Amino acid sequence: MLPWCFRVLKVLAWGAGIYAGLCLLAFLAQRRMMYFPDRESEPEAVQRAMRGGLVPWQDGRGRLLGWRRAVRGQGPRVLVLHGNAGDALGRRDYLPVLEAAGFEGVLLEYPGYGPRDGDPSEKTLVADARAALRQLKTESPGPVVLVGESLGSGVAVQVAAAEPGFVAGLLLAVPFARMTEVAAGHYPYLPMKLLLRDRWDSLEAIRAYRGPAAFLIAGRDEVVGAAQGRRLAQGCPGPTRVWESPRAAHNGLPLAPGQPPWSEALGFLKVRGKVGQ
């Protein structure tokens with residue numbers, strides 16, 4: 001009987017060790033599992049931008065922040081905060097949609113993405129987006145709307161919570177409420193709520209923002225889940241509108257100039273945020 005007990009304990013010990021190793025691996029590699037930047041040199045990025053009719057957007061010291069049209073629009077500005085994969089130049093299709101609604105779009109490039117130095121994390125992305133917002137306000141005191149896509153919705157919510165006087169409206173596309181819940185859904189066998197360093201708690205942060213917020217939700221969102229976006233909208237204390245595309249996947253929201261849901265969401269923000277009036 002005793003040898004049998006020892007064998008069971010040995011198997012349990014091996015299992016516990018393997019599980020602990022998986023937890024340690026997830027903890028150490030979590031940012032590589034969360035952020036998937038495309039990287040290239042600045043000259044390469046500038047050439048690519050110019051082919052698309054864009055030029056570098058720089059801060060007062062000449063450091064690259066992102067991209068915008070060579071000829072600036074006269075409408076209120078939108079700072080676009082993209083998702084966790086790719087880079088800002090890959091979101092240039094947002095610009096015609098914003099321009100059709102009377103806005104000027106500015107694409108922020110995160111630290112560690114495209115040609116920018118740095119390492120992506122919750123702290124660095126939020127700090128950089130706040131600095132970018134202040135740069136826009138330095139250029140002109142006019143209103144700024146934040147568009148946050150997927151992970152960028154978390155950036156946008158935290159910036160709006162920290163700088164409510166600078167943000168005229170939020171447009172959150174395929175947003176999430178809490179990243180810990182999203183991670184737990186993808187890795188149910190790991191204690192992600194304990195392991196996650198970049199927690200991205202948008203549901204908590206949005207309570208500090210009382211301006212207008214528009215939500216674009218994909219009904220078949222396989223990445224964060226439609227329920228996450230609905231919960232975040234319900235937790236928003238300010239004027240709120242929700243558009244849900246029932247058949248859309250996470251990366252499949254309709255995106256066409258002058259067409260819903262974007263045209264309607266941007267129109268809502270113009271009215272409720274008193275943008276361009």
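What you see is a predicted model; the values in this text were computed from it and never measured.
- A donor-acceptor distance shorter than 3.5 angstrom exists from the side chain of Glu109 to the backbone of Ala88, with no hydrogens or angles considered.
- Using cut-offs of 30° and 60° on the angle between ring planes, the pair Tyr94 and Trp262 is tilted.
- Put simply, CD on Glu99 and CG on Leu266 are 11.5 Å apart, with the number rounded to the nearest 0.5 Å.
- Met179 CE to Gln228 CD: the interatomic distance, rounded to the nearest 0.5 Å, is 9.0 Å.
- Taking 4.5 Å as the limit, every side-chain heavy atom of Arg272 sits out of range of all side-chain heavy atoms of Arg241.
- Proximity of Leu203 to Arg231: side-chain heavy atoms (C-beta onward) are separated by under 4.5 Å at one or more points.
- Val167 has its side chain within reach of Leu133: a pair of non-hydrogen atoms, C-beta onward, lies under 4.5 Å apart.
- Pairs engaging residues 120-147 under the ring-ring contact (aromatic ring centres under 6.0 Å, His included) rule: none recorded [sequence neighbours left out].
- Considering CG of Leu151 and CZ of Phe176, their distance stands at 5.5 Å, rounded to 0.5 Å.
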(Q) Go through it in stages, so that I can follow the logic: the residues are Glu163 and Arg130, the test is salt bridge (charged side-chain N to carboxylate O under 4.0 Å, His left out), and I'd like the CA-CA distance, side-chain angles, deciding distance and then a yes or no. (A) CA-CA 8 Å; Glu163 310 277 3; Arg130 291 181 66 181; 2.9 Å; yes
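- Ile206 CD1 to Thr240 OG1: the interatomic distance, rounded to the nearest 0.5 Å, is 7.0 Å.
- With a 4.5 Å cut-off on side-chain heavy atoms, Gln158 and Trp200 count as touching.
- To the nearest 0.5 Å, atoms CD (Gln135) and CH2 (Trp57) are separated by 6.5 Å.
- Using a 4.0 Å cut-off between a side-chain N of Lys or Arg and a carboxylate O of Asp or Glu, Arg199 and Glu204 do not qualify as a salt bridge.
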